[in-house]
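Below is one structure, written out as structure tokens, with a few remarks after it.
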Amino acid sequence: MRSSDDPKHSRSAARERDIIAVLLALNPGEVVTYGGVADTAGHPRQSRLVGRILAERSDELDLPWWRVVNASGRLVPGHEREQRRLLAAEGVMVAANGRVRPRNP
DNA sequence: TCCTTGACGAGAT
DNA sequence: CATCTCGCCAAGG
């Protein structure tokens, strides 16, 4: 029996699994939103989970965190310069107002 | 078990 | 544009 809290089959494990898959599938130059990633992963309204995964496991899993911005096109707080540099390397320009136009608003 | 904290989002004020 | 409220949810205290 799969106990509801089995880390390998819990609902949260499935959400993380799906969200991570979507993140790893992002291509260079492709900018998406937290909510967009959640939707694509089949887990609408889980934008906060997307942010948490990026914040805690980007290094470990080599997630392309710089290709994710919030619904307003704002860059990640505290990482603007680094993110801007990484995006520029992929041909994505940040507007003068400090925003980017996401592919899936 | 309850409460607070977020790389969030949408809507109201 | 700045704040707030409410929804959502894993983590950590």
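Reckoned from all heavy atoms, side chains included, excluding hydrogens, waters and symmetry mates.
- Using a 4.0 Å heavy-atom cutoff across all strands shown, Arg74(A) reaches sugar-phosphate atoms only and no base atom.
- One atom, CZ of Arg57(A), and another, P of dA7(B), lie 17 Å apart when rounded to the nearest Å.
- Between Asn70(A) and Thr33(A), the shortest heavy-atom distance links the atoms O-CG2, 3.9 Å.
- Screening Gln83(A), Arg101(A), Arg74(A) for a side-chain contact (heavy atoms from CB on, under 4.5 Å) with Val69(A), the sole residue that qualifies is Gln83(A).
- Contact annotation: the side chain of Trp65(A) approaches that of His79(A) to within less than 4.5 Å [non-hydrogen atoms, C-beta and beyond].
- Near DNA chain B, meaning a heavy atom under 4.0 Å from it, residues 76-87 of chain A has Val76(A), Pro77(A) in order of number.
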Check nucleotides 11-13 of chain B against the protein and report each pair of N or O atoms closer than 3.5 Å, with its distance, or say if there are none.
none

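- Arg67(A) places a side-chain heavy atom less than 4.5 Å from the side chain of Pro28(A).
- Proximity of Arg57(A) to Ile20(A): side-chain heavy atoms (C-beta onward) are separated by under 4.5 Å at one or more points.
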- Query: What string of B, S and - do you get for nucleotides 6-13 of chain C, 5' to 3', when a contact is any protein heavy atom under 4.0 Å?
  - Reply: -BBSSS--

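- Among all heavy-atom pairs drawn from Val50(A) and Tyr34(A), the shortest one is CG2-O, 3.6 Å.
- Distance Tyr34(A) OH to dC8(B) P: 5 Å, rounded to the nearest Å.
- A salt bridge links Glu16(A) with Arg52(A): the distance from a Lys NZ or Arg NE/NH1/NH2 to an Asp or Glu carboxylate oxygen falls below 4.0 Å.
- The list of salt bridge (Lys or Arg N to Asp or Glu O under 4.0 Å) pairs with a residue in residues 23-42 of chain A, not counting sequence neighbours, reads Glu30(A)-Arg103(A).
- For the atom pair CG of Leu63(A) and CD1 of Ile19(A), the computed distance is 11.0 Å after rounding to the nearest 0.5 Å.
- For the segment residues 17-32 of chain A, no residue has any heavy atom less than 4.0 angstrom from an atom of DNA chain C.
- Counting heavy atoms from C-beta outward, Arg84(A) and Trp66(A) have side chains that stay 4.5 Å or more apart.
- Within the 4.5 Å cutoff, side-chain heavy atoms of Val32(A) are placed close to those of Leu26(A).
- Separating the CG atom in Asp18(A) from the CG atom in Leu23(A) is a distance of 11.0 Å, to the nearest 0.5 Å.
- With sequence neighbours excluded, the residues satisfying side chain to side chain contact (heavy atoms under 4.5 Å, CB included) with Val22(A) are Val37(A), Thr40(A), Ala41(A).
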